[in-house]
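For reference, the structure is listed below as structure tokens.
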Amino acid sequence: MSNIIDATFSISSDKYNWILREKNIGKKVKFHFFSNIKQLSNFVGEYKLRDFLVEGEVDLLDKSSQTPSYSSVIDQSILKLEQWIESIVSIDDSKR
């Protein structure tokens, strides 16, 4: 069973790997294989960050005491994605 992350990505797993399906408009589906959830979530997080930088959606602000560092925000987002994937896995496992 495939679980949709967003319009670009969906995930599933087989006996040995986590499978990330990347579907871009007008292109063939790309398959990425990962041995654990952490690798998968890091790949998706870094992929999205590259998109944001290209599209100009990330502003480079002066650091202040109230502004969190980009790396901490990215790490938190990747951790949330990893936790979400683990929650899906636990739901799927309970149905088996």
Side-chain angles (χ1 to χ4, degrees):
M1 182 174 152
S2 181
N3 293 292
I4 297 172
I5 295 176
D6 61 12
T8 305
F9 293 116
S10 63
I11 58 171
S12 62
S13 63
D14 63 13
K15 189 174 178 179
Y16 303 104
N17 297 301
W18 288 96
I19 304 166
L20 180 69
R21 289 176 174 83
E22 177 184 353
K23 176 63 177 148
N24 290 313
I25 297 172
K27 295 185 179 180
K28 291 183 179 180
V29 175
K30 289 183 186 177
F31 293 92
H32 305 275
F33 298 90
F34 303 92
S35 60
N36 60 51
I37 294 172
K38 187 155 191 73
Q39 290 175 339
L40 186 147
S41 60
N42 282 335
F43 176 85
V44 173
E46 290 174 8
Y47 182 96
K48 291 297 183 180
L49 176 62
R50 284 191 305 270
D51 278 354
F52 292 149
L53 290 173
V54 169
E55 294 171 5
E57 294 183 22
V58 175
D59 294 328
L60 300 175
L61 302 172
D62 292 332
K63 282 194 172 184
S64 71
S65 60
Q66 296 177 348
T67 305
S69 69
Y70 290 111
S71 61
S72 68
V73 172
I74 293 166
D75 290 343
Q76 288 175 357
S77 299
I78 290 172
L79 180 62
K80 286 180 184 178
L81 176 62
E82 190 176 328
Q83 291 169 344
W84 179 77
I85 293 169
E86 287 176 347
S87 71
I88 290 173
V89 172
S90 65
I91 290 171
D92 287 347
D93 287 345
S94 67
K95 290 180 181 179
R96 291 179 190 182

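Note that the coordinates shown come from a computational prediction; the quantities given were computed from them, not determined experimentally.
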Pairwise distance CG(Leu20) to OG(Ser12) - rounded to 0.5 angstrom: 9.0 Å
ILVMFWY cluster, Ile37 and Ile19 together (side-chain gap under 4.5 Å): no
Trp18 versus Ser13, closest heavy-atom pair with distance: CE3-CB, 3.8 Å
Point-to-point distance, once rounded to the nearest 0.5 Å, from OG of Ser41 to NZ of Lys80: 13.5 Å
Pairwise side-chain contact, Ile85 with Asn3, heavy-atom cut-off 4.5 Å (strictly under): no
Any pair counted as salt bridge (charged side-chain N to carboxylate O under 4.0 Å, His left out), so long as it reaches residues 15-43, sequence neighbours left out: Lys38-Glu82
Atom pair CG/NE2 of Leu40 and His32 - distance to nearest 0.5 Å: 9.5 Å
Hydrophobic cluster identity match, Ile4 and Val29, side-chain contacts under 4.5 Å: no
Inter-residue atom distance Leu81.CG - Glu86.CD, 0.5 Å rounding: 10.0 Å
Flag side-chain contact, heavy atom, 4.5 Å: Trp84 against Ile5: yes
Tyr47 and Phe9 aromatic ring geometry - parallel, tilted or perpendicular at 30°/60° bounds: perpendicular
